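Here the structure is a predicted model, which is why all the values come from computation and not from measurement.
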Amino acid sequence: MSFLAFGQPLVLLGLLALPVIWWLLRLTPPKPQSELFPPLRILARVLKKEETPHQSPWWLTLLRLVMAALVILALAEPIFRPREKLQTAGEALALVIDNGWAAATDWDLRVATAERLIADAAESGAPVVLALTAEKPNAEIGPFDAEEARNRLRAAEPRPVPVDRAAIFGRVAGALDALPTATVAVLSDGLASAGDEAAFAQLLGGTAGEVVWITPERLAMIGLTATENRPDHFAVTAIRAAADTGPRQVTAGAFDDRGRRIADTVFAFAPGETAATAELRVPFELRNDFATIRVDGENQAAAVRVLDENAKRRRVGLVSQAEGDQAQPLLSPLYYIERALAPFADLVEAPTFDLAEAIPDLLDQKPALIVMADVGTLPDTARQALIEWVEGGGTLVRFAGSRLAAADNDDALLPVRLRLGERALGGSLTWTEPQPVAEFPPTGPFADLTPPRDVTVTRQVLAEPTPDLFERTWANLADGTPLVTGAARGEGTIVLFHVTPEATWSSLPISGSFVDVLRRLVQMSRNQGAIEAVASGNLQTLAPFRMIAANGMLAPPSPDARPLATGGPQTVTIENPPGLYGTEEGLVAHNLLGAEATLATIERPATDLPVSTAAYALDQSRDLRGPLIGLALALMVLDTLAVFWIGGVFARRRRAAPRAAGAAFVAIALGAGLLAGGVNEAAGQDTKPGDAEAIAAIATTRIAYVLTGDASIDAVSRAGIAGLTRFLIDKTALEPGPPAGVDIANDELAFYPLIYWPVDPAAPMPSQAAIARVDAYMRQGGSVLFDTRDQYATGFDLSGAASPATRRLRDILSDLNVPPLEPVPEDHVLTKSFYILRDFPGRYAGGPLWVEAALNAQSSDGRPVRTGDGVSPIMITANDLAGAWAIDANGDPLLPTVPADPMQRIYALRTGVNIMMYMLTGNYKSDQVHVPVLLERLGQ
């Protein structure tokens, strides 16, 4: 593998120009140092020794040569540790990636490898087929372009399920049939699966032109296959891949339902051994708290095994009134029961045959299930304690016999009422024959067990016929009489076998079904809450509760998880991932690996196509262009500083520093003296009261309005200016300040580019001094917008009848130097300063907007507006602009328009925008025609 490569190697020929650069640099020395003063010192130095630089210093030349070499190297696109590109033989790329549980530990490495393959395909524009072998059969596989394939790859994730190569490879082969010759890249997890040979034959039998085979270098995963809670320890079986042949030790921990580690063990694999069993030797109570077994350091789903009630050993109490014959143990009532329950339960036998002592002693040891073999009438104290135990959640299993057949019915401790005596089947004194066992009822807890075909019953106790006898029958004989009955009592269950526990009344105790039935009863005793549901047949499916994620952690169910069917084989799929199913009242463990599972190594398929092998690896290549350019810039900064140093810039600054310090000291001293004198002088006078207002007024552009003294008119004016201000902020780059109400007699007017004056005939006539101040404001460049607001009373006219507002306006204008006025012509700047407008409506429509007349103005085709357009100092309207602009606190219009046209208010606001742009920019629009000529002259 090479450590350095270049994307543009021909650029390196530029290094041949370094001698030329060196020669040019020697001929262009830096500017010599110059000193203006003192001239005598310069003359003395020249007379002493004449030094004229004729070439650059060698170190500066070297610095610049290195800088040029760095730029040339950067332009050649150097890459450190370049990766080997995929040499594809086809015009398309098919990526087949295993994303099952075995890929979870190094998934990032697999994604990086696949991204490199996609990047190589992108350079040639080849389409990409992307298929993941642990996805749904209908998942989209392409073909995609490189960018889409890369996005889908980054969105993919490993799943805690086995791969299904047979289903996915067939779809990939179908997609490749529609493409030209393709390169098939197989990114496997290293493990074999069922049907691999046929799957690879289908995948590589179409248009594939080349195979890229990528497998892990080492298969180090550990999987847990079985657990067993034995009488004295908890056994766990682990397996490893067949390719992992060296000796190995791994640790595992047992965790409770809260995630606390409560036990540890070590798996020791001998050389070549693929399975190992470890023991967790902890007390019985701690073993029953195990909820999860996890292998340390393994972040994948197979290294975690969840446990349900089946993995917990329950304590079972045994009670009998008959002492076993030591010479003939097979005739003991508890002999077959002990042999059947010993492998999966802790048995506790009553130390005495006295039921008054035996039953309380068993209850003190907190058993989950008590088996009574042919027990008749119970003492009152023992009976009451047993009833309370059953109703609290215990399971009582009773076997019939001569004592029970002769005892009175005890409804609290029997599931059904019994007939007195017993029934004999077969023999010389009866017409009946021994009865076989029928199929187990589908609503009972034994529904999924295989009924014993070879079991016959010769004697039994019979149940009284009742309406609920059928519901309480869990097993019966061929003639329909009950063999096993059961019923719930409170939180517990009572079960009755209508035969004896020894092989005197039937052959059931010596059959394999006896073990299965008793084990099922023990399992039921561990989950009392689910017994009724099981008995009623409601648990045909179990909802997902907690799932094992791909990294081995327990997580909530994903959207893909579906309920788990209770009957038939239970396999791990995308819809039924490993984990716990059910509810908090009862959970079923659904683990990834079965007891017979093995981890076989995948074999490379036999094919006539060329096969190239690769390895999973991160892209360690690094583009060196950035660092080289950065280093060249740093050398450029050093070169600049060196030139400044040679030119004496730093020396001059050092000599100027003392003088600057002295001048600064003098300035500080002088400022301190002036400040001291100013303080004494200011002690007797106050700051001018208008300074703060003046600073605030000129800090931002504000639109002013004349205060008339009428509160309603002033409120509308202020609301109108506020509405126009908001519209200006929304639509333009101008951000005016809040409206300013001004008193023309006292306030400074020069701060405002535009003053809105609503003419009120009822307001007092302004004084001559106030009129003079307005006249001065207009002469100095300000503009006043007079609004008579009487469009529908009478129009503003120079003759004829006039409204009171118009007459008051004439009185005001009579004392002002008003220029000639005209309605805004079509080619005036106001018609196009921001919006293109023809009319200037306000709350009312139809009235003209009067501006200063341009007497000698003219327009032409080459100039969009008339020549001589300036900013008119006066504008007059009767359309009530402020009334159209006015808004309330919520931003809603305050007054209706006349007529009620919603667009009229929009045009009124646009009129305000054009007026403000006209006030602030003047006739700039008329100069836009000259822009091309100006740019041409500037050489742009």
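Arg159 contributes no side-chain N or O that, together with a main-chain N or O of Thr133, makes up a donor-acceptor pair within less than 3.5 Å. A donor-acceptor pair under 3.5 Å links the side-chain atoms of Gln300 to the main chain of Ala303, judged by distance alone. Although no hydrogens or angles enter the test, the distance criterion places a donor-acceptor pair under 3.5 Å between the side chain of His590 and the main chain of Thr571. Between the side chain of Asp308 and the backbone N or O of Ala589, at least one donor-acceptor pair lies under 3.5 Å. Of the possible donor and acceptor atoms, none in the side chain of Arg248 sits under 3.5 Å from a partner among the backbone N and O of Thr245. With Arg171 contributing its side chain and Ala139 its backbone, the two residues share a donor-acceptor pair below 3.5 Å. In terms of modelled atom types and a separation under 3.5 Å, the side chain of Arg150 and the main chain of Glu115 share no donor-acceptor contact. A distance-only check finds no donor-acceptor pair linking the side chain of Thr541 to the backbone of Pro563 [under 3.5 Å]. A donor-acceptor contact shorter than 3.5 Å links the side chain of Arg294 to the backbone of Gly552. Counting only distance, with no hydrogens or angles, the side chain of Asp106 and the backbone of Leu109 share no donor-acceptor pair below 3.5 Å.
Ala368 and Ser525 get closest at one heavy-atom pair: O-CB, 3.7 Å. The heavy-atom pair separating Leu153 from Ala114 by the smallest distance is CD2-CB, 3.5 Å. Residues Ala301 and Ala549 approach most closely at CB-O, 3.6 Å, considering heavy atoms. Closest approach of Pro158 to Ala550, counting heavy atoms only: O-CB, 3.4 Å. Summarising the geometry of Gly190 relative to Leu219, their closest heavy-atom pair is O-CD1, 3.2 Å, with the distance given to 0.1 Å. Across all non-hydrogen atoms, the minimal contact from Ala595 to Ala226 is CB-CB, 4.3 Å.
The line from CD1 of Ile293 to OG1 of Thr265 is 9.0 Å long, rounded to the nearest 0.5 Å. In this structure, CZ on Arg240 lies 7.0 Å from CD1 on Ile222, to the nearest 0.5 angstrom. Atom CG of Leu580 is separated from atom OG1 of Thr292 by 7.0 Å, given to the nearest 0.5 angstrom. In this structure, the separation between CG on Leu93 and CD on Glu210 is 10.0 Å, given to the nearest 0.5 Å. The CH2 atom of Trp101 sits 5.5 Å away from atom CE of Met221, with the distance rounded to the nearest 0.5 Å. The line from CG of Asn576 to CE of Met547 is 8.5 Å long, rounded to the nearest 0.5 Å.
Look at Asp296 and Arg261 and you find a salt bridge, because one of the NZ, NE, NH1 or NH2 atoms lies within 4.0 Å of a carboxylate O, short of that distance. Of the charged side-chain nitrogens involved, none lies within less than 4.0 Å of a carboxylate oxygen, so that Asp98 and Arg110 do not count as a salt-bridged pair.
Taking the side chain as every heavy atom from C-beta outward, Leu631 and Val66 never approach each other to under 4.5 Å. Contact of the Leu599 side chain with the Thr274 side chain is not registered, since no non-hydrogen atoms from C-beta on lie closer than 4.5 Å. Side chains of Val282 and Ile262 form no contact here, defined as non-hydrogen atoms less than 4.5 Å apart. Between Val184 and Leu203, the closest side-chain pair of non-hydrogen atoms falls below 4.5 Å. In this structure, Ile214 and Tyr616 have side chains that are in contact, with non-hydrogen atoms separated by less than 4.5 Å. Put simply, the side chain of Ile239 reaches to within 4.5 Å of the side chain of Leu593, judged on heavy atoms. Looking at heavy atoms from C-beta onward, Tyr581 lies out of side-chain contact with Arg546 at the 4.5 angstrom threshold. Contact check for Val611 versus Pro605: no side-chain heavy atoms found under the 4.5 Å cut-off.
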| task | Given side chain to side chain contact (heavy atoms under 4.5 Å, CB included), test Val96 with Leu187 step by step and report yes or no. | result | CA-CA 6 Å; Val96 184; Leu187 282 67; over 6 Å; no
| request: Show the numbers, then the answer: is there a side chain to side chain contact (heavy atoms under 4.5 Å, CB included) between Asn591 and Leu224? | output: CA-CA 9 Å; Asn591 288 292; Leu224 300 179; over 6 Å; no
| request: Could you go through the side chain to side chain contact (heavy atoms under 4.5 Å, CB included) check for Phe290 and Asp256 one step at a time? | output: CA-CA 5 Å; Phe290 291 174; Asp256 63 8; over 6 Å; no
| task | Please step through side chain to side chain donor-acceptor pair (under 3.5 Å) for the pair Thr105 and Asn299, ending with a clear verdict. | result | CA-CA 6 Å; Thr105 55; Asn299 299 322; over 6 Å; no
| query | Hey, mind stepping through Leu341 and Val522 against side chain to side chain contact (heavy atoms under 4.5 Å, CB included) and telling me if it holds? | reply | CA-CA 9 Å; Leu341 294 178; Val522 173; 3.7 Å; yes
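For Asn99 and Glu135, the side-chain atoms include at least one donor-acceptor pair closer than 3.5 Å.
Residues in residues 184-200 take part in these side chain to side chain donor-acceptor pair (under 3.5 Å) pairs, two or more places apart or across chains: Arg165-Asp189, Arg165-Ser193, Arg165-Asp196, Ser193-Asp196. For residues 109-154, there are no ring pair (Phe, Tyr, Trp, His ring centres under 6.0 Å) pairs, not counting sequence neighbours. For the side chain to side chain donor-acceptor pair (under 3.5 Å) condition, no pair includes a residue of residues 212-224, sequence neighbours left out.
No more than 12 heavy atoms of other residues, nucleotides or ligands shown are found within 6.0 angstrom of CD on Glu157.
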